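On a predicted model such as this, the values are computed, not experimentally measured, just so you know.
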Amino acid sequence: MEQNSAEAKKRMDRTYYFDCLRIIACFGVMILHIASKKWYGTPVTSFEWNVLNIYDSITRWVVPVFVMISGALFLNRKHSIEVLYKKYILRIVTAFLFWSFIYAAVRLIGGCGMKEAVKAFLNGHYHLWFLFMIAGLYIIVPFLRKITESDTLIKYYLVLAFVFAFLLPQTVTILKLLSKSWGTLVNTMLSNVKFHFTLGFSCYFVLGYYLDRIELGKVARRILYLLGIAGFLFTAGMTAMLSISGGKPSDTFYGHFTVNILLESVAVFVFGKYHLKLAGAREKTLRLVRKLSKYSFGAYLVHVFIIERLQGQLGIDALTFSPLVSVPVIGIVVFVVSFLISAVLHRIPVLNKYIV
């Protein structure tokens, strides 16, 4: 009886920290999109651009952490292929069709031509790429689950992923900065290998499962936190250096498959696992966290609409006043409005099942 109680408590702890991370990541992606709206067009030597660069750099972990949460959840369950398609992939498809139509319709009303609106609908608004990616991961869950059934295979997979998805590409990037000819040569050599097995977001998907499953000591966790901080400092510092030297914004080290962003993502995920605990939380807090987590998918889908309406109709963006204050303040407004809209949509039958 005590063992069953302990297992139930462990499951609740896992769900709670996943919920907390999902909410924080949702807020983080809003901050990222608010800051990045003005990051490209602001002079790189200005105070404003450097503030935007910091906000941008410190939130680059959000998508990897979303994927890691999904991996930890999906690879721990045994869903049939039929359930994957009927329950999960179908929801992704219907959500994409609905929201892509909304965003395309807004563009059409705003004055773009029908041809451009149709293209916008088929391609999806810029943040809807996430739906394509996550649907692709759901499709290959049965294969990834086979890998995670073996400790040896999962470790081998993650080592290959680190080498081929992160380390080698970043080595090529740095080589190109030092010597374009040598960087191009090494890149050509690597591309001839035609290695794709561990590339893409599947590595984050499997990594989330692995980090959720293993236990880390205090020393290991502190090392990961320090590496995460180092990853952030590297991201912000190198981005500033390359942008200033090139005279325009450079997102070379902003990519999801850079070692620095990997370190940020792992640090945040591990911090959530060990510090966002259920113990001590009040019942009201638990209910609020569960609800916000439930509404986070819908909030993600609608938040760009809110950001664009604030900028387009009210002229409010990251540079309306000092970005030190404007980015988090606008982020809070977008967060509250987006979650309220998602909450309303969750109360509408059919819509709550297929679009949020």
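- Interatomic distance, CG of Leu128 versus CH2 of Trp99, reported as 9.5 Å (0.5 Å rounding).
- Environment of CD1 in Ile81: sparse, with no more than 12 heavy atoms of neighbouring residues, nucleotides or ligands closer than 6.0 Å.
- For Tyr354, the OH atom counts as loosely surrounded, since its 6.0 Å shell holds 12 or fewer non-hydrogen atoms of other residues, nucleotides or ligands.
- Residue Ile147 holds its CD1 atom at 13.0 Å from OG1 of Thr152, rounded to the nearest 0.5 Å.
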*Could you go through the side-chain contact (heavy atoms from CB on, under 4.5 Å) check for Lys119 and Leu122 one step at a time?*
CA-CA 5 Å; Lys119 285 183 178 180; Leu122 295 175; 5.9 Å; no
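- When hydrophobic clusters are built by joining Ile, Leu, Val, Met, Phe, Trp and Tyr residues whose side-chain heavy atoms come closer than 4.5 Å, directly or via intermediates, Trp49 is not grouped with Met241.
- Checked against a 6.0 Å centroid threshold, the rings of Phe257 and Phe164 do not count as neighbours.
- Between the Arg221 side chain and the Val270 main chain, no donor and acceptor come within less than 3.5 Å of each other.
- No donor-acceptor pair under 3.5 Å is formed between the side chain of Tyr210 and the backbone N or O of Leu158.
- When atom types are taken as modelled, the side chain of Ser293 and the backbone of Val289 share no donor-acceptor pair closer than 3.5 angstrom.
- Put simply, Met30 and Leu319 are part of the same group of oily side chains (I, L, V, M, F, W, Y) that touch within less than 4.5 Å, one to the next.
- The environment of OH in Tyr274 is crowded: more than 12 heavy-atom neighbours from other residues, nucleotides or ligands sit within 6.0 Å.
- Both Leu314 and Val336 belong to a common hydrophobic cluster when Ile, Leu, Val, Met, Phe, Trp and Tyr are linked at side-chain heavy-atom distances under 4.5 angstrom.
- A donor-acceptor pair is defined here as one N or O able to donate and one able to accept, closer than 3.5 Å; no such pair exists between the side chain of Asp212 and the backbone of Gly208.
- Proximity of the aromatic rings of Phe74 and Tyr209 is defined here by a centroid distance below 6.0 angstrom, and this criterion is not met.
- Both Val268 and Ile223 sit in one connected hydrophobic cluster of ILVMFWY residues. Membership requires side-chain heavy atoms under 4.5 Å apart, directly or through other members.
- Of the residues listed (Thr239, Leu233, Thr235), the one engaging Asn260 in a side-chain contact (heavy atoms from CB on, under 4.5 Å) is Thr235, and it is the only one.
- Here the side chain of Tyr55 pairs a donor or acceptor atom with the backbone of Leu324 at under 3.5 angstrom.
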*Kindly indicate, with the supporting measurements, whether the criterion side-chain contact (heavy atoms from CB on, under 4.5 Å) is fulfilled by Val141 and Phe205.*
CA-CA 9 Å; Val141 159; Phe205 204 70; 3.7 Å; yes
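- A distance-only check finds a donor-acceptor pair linking the side chain of Thr94 to the backbone of Arg91 [under 3.5 Å].
- Relative ring orientation between His79 and Tyr88 is described as tilted, the plane-to-plane angle lying within the 30° to 60° band.
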_Worked check of side-chain contact (heavy atoms from CB on, under 4.5 Å) between Arg347 and Val344_ = CA-CA 5 Å; Arg347 293 181 178 273; Val344 171; 5.8 Å; no
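- Within the 4.5 Å cutoff, side-chain heavy atoms of Ser57 are placed close to those of Tyr254.
- Taking the six-membered ring where the residue is Trp, Phe271 and Tyr225 present perpendicular rings, their angle passing 60° and hence far from 30°.
- In this structure, the side chains of Phe130 and Phe96 stay at 4.5 Å or more apart for every pair of heavy atoms.
- Relative ring orientation between Phe66 and Tyr300 is described as perpendicular, the plane-to-plane angle rising above 60° on a 0-90° scale split at 30° and 60°.
- Here the CD1-CZ distance, from Ile102 to Phe121, works out to 10.5 Å after rounding to the nearest 0.5 Å.
- Annotation: the span from Lys176 atom NZ to Ser181 atom OG amounts to 11.5 Å, rounded to 0.5 Å.
- Side chain of Ser342 to backbone of Phe339: no donor-acceptor contact under 3.5 angstrom is found.
- Within the model, atoms OG of Ser243 and CE of Met238 stand 10.0 Å from one another, a figure rounded to the nearest 0.5 Å.
- In this structure, Ser250 OG and Asn53 CG are separated by 10.0 Å, a value rounded to the nearest 0.5 Å.
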*For Arg60 and Asp251, run salt bridge (Lys or Arg N to Asp or Glu O under 4.0 Å): C-alpha distance rounded to whole Å, both residues' side-chain angles, the deciding distance at 0.1 Å, then the answer.*
CA-CA 11 Å; Arg60 283 283 156 179; Asp251 60 3; over 6 Å; no
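- Taking the six-membered ring where the residue is Trp, His127 and Tyr103 present perpendicular rings, their angle passing 60° and hence far from 30°.
- Annotation: side chain of Thr198 is not in contact with side chain of Val163 (no heavy-atom distance under 4.5 Å).
- Taking the side chain as every heavy atom from C-beta outward, His256 and Val67 never approach each other to under 4.5 Å.
- Listed by chain and residue number, Lys37 satisfy the salt bridge (charged side-chain N to carboxylate O under 4.0 Å, His left out) test with Glu308 (two or more places apart in sequence, or in another chain).
- Remark: Arg222 CZ is loosely packed, at most 12 non-hydrogen atoms of other residues, nucleotides or ligands lying under 6.0 Å away.
- Between His346 and Tyr295, the angle of the ring planes lies from 30° to 60°, which puts this pair in the tilted group.
- Sparse packing is recorded around CZ of Phe143, with 12 or fewer heavy atoms of other residues, nucleotides or ligands lying under 6.0 Å away.
- Transitive grouping of hydrophobic side chains (ILVMFWY, heavy atoms separated by less than 4.5 Å) brings Leu144 and Tyr156 into a common cluster.
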*After noting the C-alpha distance and the side-chain angles of Ser326 and Thr320, does the key distance pass the side-chain contact (heavy atoms from CB on, under 4.5 Å) rule?*
CA-CA 7 Å; Ser326 66; Thr320 300; 5.5 Å; no
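- The main-chain N or O of Leu242 is found under 3.5 Å from a side-chain atom of Ser245 such that the two form a donor-acceptor pair.
- Between Leu32 and Asp56, the closest side-chain pair of non-hydrogen atoms falls below 4.5 Å.
- Heavy atoms from other residues, nucleotides or ligands lying under 6.0 Å from CH2 of Trp182 number 12 at most.
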